[in-house]
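Lettering of chains follows the sequences in order, A, B, ..., and the numbering in each one begins at 1. Just so it is clear, the model here is predicted, and its values are computed rather than measured.
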There are 2 protein chains.
Amino acid sequence: MFIFAENSAMLDKSHKYVSCETCQVRKDSLFSSFCTEEVHQLDENKVCSFYRKNQPLFVEGTFSRGVYCINDGKVKIFTIGESGKEQIIHIAKEGDVVGFKAMFSDDPYKLSATTLEESNICFIKKEDFLSHLESNPGLLQTVLKELSKELGERAVFIKNMAQKSVRERLATILLILDGVYKDEMINLSREDLANFVGTATETIIRLLKEFKEEQLIEIHVRKIEILDRKKLLREAGS
Amino acid sequence: MFIFAENSAMLDKSHKYVSCETCQVRKDSLFSSFCTEEVHQLDENKVCSFYRKNQPLFVEGTFSRGVYCINDGKVKIFTIGESGKEQIIHIAKEGDVVGFKAMFSDDPYKLSATTLEESNICFIKKEDFLSHLESNPGLLQTVLKELSKELGERAVFIKNMAQKSVRERLATILLILDGVYKDEMINLSREDLANFVGTATETIIRLLKEFKEEQLIEIHVRKIEILDRKKLLREAGS
DNA sequence: CTGAAAAACTGATAAAAATCATGTTTTTTG
DNA sequence: CAAAAAACATGATTTTTATCAGTTTTTCAG
């Protein structure tokens, strides 16, 4: 009975208790510089929730009420085009804080965020986040740095879309995903991959087959294992 | 004689004296919230220079020493791909402050900036800008808002590159340039246009001809006049 | 004012990738 | 557990856009 309960708890993240004090991923999050007192404050005011796969955190066009701190799981950040096709801009993982860019303007979200797998995510109210930002110059510094970093990343993304072939872009994105999924295997649908690379699903399927034949990757049903990072980097053309 | 001198001065921006106090474009710049004292301080420490066409303000890979405030002129912000082809990310105009994103990380510039025409541009040292930022919460607010706005714009740019045809992208970019060049005609080389839209120069030339035949634009040698913004917006597909 | 260089333009061809149609697995769910 | 749905896969075809190889026009320095 207890063994069942334990197993169940291991699979079902909804029962996992998360305190900011002991949260392992906080160490390399926006909140890494927080002192004990601040962590305590964060802990008191946050709301931690379990998200099923494909649950939205926020939707473009709505207004920000706070930020989301991912304790466990993956979240795709995307925008929807005229035709209804998603364009994935970024994939956030454990330790990432999501949705704080929308808080500095009075404009609604320009992007949507949806979980890619079962996730544990804490919500911090806008007012709490902003008050931390005011009282903690370190946090402000980190936020400015992060904004600047993302601006750079998006410029590179634009250049890649403009100048690289689909094959090169897929290689590039696979390497990015390798960093996101770390020791796990990449676990994205072909459609999501296509919406990240900016191409058709069929093209992704064909190219993955090519990469597999060239021993750059291995495919386990739907999960992708990177076999040869060096060659893949060469394929990425940069 | 005097008439000649006057005409010459009107064409030659190098002799135009610019004080922050009277600078017309400061009103809608990052520094719009500055009080008299702050404007005075800005004025004392800035260095105002004349730039010829195609002069670089900064080059990717080098380190930031301060920010550039465009009093008059246009500046392209771009990054260079593997093949040496530029990808233009943004075109800055009078009143824009350029290069401040690179100041919040210790990383080198990820983008380059070069004048597109004769320009008057003031330089503000990193330390001066940062000290203003520290003492003026309004400036910080504006900076955060600007960073957030640009992040949104780049996400839209990525989506456009991924999901729109070259024709739609050209229409989109022409409308953006219409805003940049305001009452003037758009004055960009076909190559720069191609590097902004993310396509080949020949394709741009052919599409401009189409747009001209469809009475959306008029071409005066190299300058482009927008005739029908409404139709162009429809062509842009959003 | 002129000649060389740069930019703009044109047409033909090739390559890349989208689209469409259809079949096969895999996953989800009652 | 079986049926339905969703995701994955493959082949044929079409469209878009890049590339190449020129010509003409414009710009600019001397």
Side-chain angles (χ1 to χ4, degrees), chain A residues 11 52-55 76 81-87 114 116-118 160-173 185-213 217-224 235 237, chain B residues 11-12 52-54 76 81-87 116-118 160-173 185-213 217-225 235 237:
Chain A
L11 292 169
R52 296 249 280 334
K53 190 177 170 172
N54 290 322
Q55 270 195 279
K76 64 175 169 183
E82 293 305 296
S83 61
K85 190 177 162 75
E86 293 178 3
Q87 176 60 45
T114 297
L116 286 168
E117 52 188 60
E118 301 200 341
N160 286 346
M161 295 299 285
Q163 302 189 353
K164 287 188 176 179
S165 67
V166 174
R167 192 184 155 92
E168 288 173 315
R169 263 145 54 202
L170 176 57
T172 307
I173 294 283
M185 278 190 260
I186 296 169
N187 187 11
L188 262 190
S189 73
R190 303 296 183 258
E191 192 183 353
D192 276 336
L193 251 180
N195 292 342
F196 202 177
V197 173
T199 187
T201 308
E202 295 96 320
T203 305
I204 289 291
I205 290 167
R206 281 184 254 266
L207 287 173
L208 284 178
K209 196 179 159 189
E210 279 183 35
F211 283 170
K212 182 184 163 175
E213 282 162 357
I217 62 169
E218 188 51 79
I219 298 177
H220 303 89
V221 192
R222 97 195 289 254
K223 294 183 186 174
I224 299 167
E235 285 299 330
Chain B
L11 291 171
D12 181 1
R52 297 250 278 338
K53 190 177 168 170
N54 289 323
K76 65 175 169 183
E82 293 306 296
S83 62
K85 189 178 163 74
E86 293 180 2
Q87 176 59 44
L116 286 168
E117 53 188 63
E118 299 201 340
N160 287 346
M161 295 300 284
Q163 301 190 353
K164 287 188 176 180
S165 68
V166 173
R167 190 183 156 92
E168 288 173 314
R169 262 145 53 199
L170 175 57
T172 307
I173 294 283
M185 278 192 263
I186 296 168
N187 186 13
L188 262 190
S189 73
R190 303 294 181 258
E191 192 182 353
D192 276 337
L193 251 180
N195 291 343
F196 202 178
V197 173
T199 186
T201 309
E202 295 96 320
T203 305
I204 288 291
I205 290 167
R206 281 184 254 266
L207 286 173
L208 284 177
K209 198 178 159 190
E210 279 183 33
F211 282 169
K212 183 185 164 176
E213 282 162 359
I217 63 170
E218 189 51 83
I219 297 178
H220 304 89
V221 192
R222 97 199 287 257
K223 293 181 186 177
I224 299 167
E225 181 189 7
E235 285 300 331

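- A 4.5 Å side-chain heavy-atom check between A:E235 and A:E168 finds every atom pair outside the cut-off.
- The distance from atom CZ of B:R206 to atom C1' of D:dT15 is 15 Å, rounded to the nearest whole Å.
- Rounding to whole angstrom units, CD of residue A:E210 and P of D:dG11 are separated by 13 Å.
- Between the side chain of B:E202 and the base of D:dC20, at least one donor-acceptor pair of N or O atoms lies under 3.5 Å.
- Here the options are A:N54, A:T114, A:D192, the test is side chain to side chain donor-acceptor pair (under 3.5 Å), and the partner is A:K76; only A:D192 passes.
- For A:E118 and C:dT28, the CD to P distance is 11 Å, given to the nearest whole Å.
- For the pair A:N195 CG and C:dA18 P, the computed distance is 12 Å after rounding to whole Å.
- At a threshold of 4.5 Å between non-hydrogen side-chain atoms, the residues B:H220 and B:E225 count as touching.
- Phosphate contact (OP1/OP2 of D:dT10, side-chain N/O of A:K209, threshold under 4.0 Å): present.
- Toward the 5′ end of DNA chain C lies the nearest nucleotide of B:I219, the other residue of the pair B:I219 and A:T203 mapping further downstream.
- Distance alone, capped at 3.5 Å, places no donor-acceptor pair between the A:R169 side chain and the A:F196 backbone.
- Listed for the A:R222 side chain is no donor-acceptor partner under 3.5 Å among the backbone atoms of A:R190.
- Between the P atom of D:dT26 and the CG atom of B:N187 lies a distance of 15 Å, rounded to the nearest Å.
- Using modelled atom types, one side-chain atom of A:Q87 and one backbone atom of A:N195 make a donor-acceptor pair closer than 3.5 Å.
- For DNA chain C, the neighbouring residues in residues 163-172 of chain A, judged by any heavy atom under 4.0 Å, are A:S165, A:V166.
- Taking atom CG of B:L193 as the reference point, atom P of D:dT17 lies 16 Å away to the nearest angstrom.
- Atom CZ of A:R222 and atom C1' of D:dA9 are 15 Å apart (whole Å).
- Evaluation of atom-type donor-acceptor distances gives no pair under 3.5 Å for the side chain of A:R190 against the base of C:dT26.
- In this model, the phosphate group of C:dA18 is approached by a side-chain N or O of A:T199 to a distance below 4.0 Å at OP1 or OP2.
- The CD1-C1' distance, from B:I205 to D:dT25, rounds to 12 Å in whole Å.
- Residues A:L170 and A:L208 meet the side-chain proximity criterion, which asks for heavy atoms closer than 4.5 Å.
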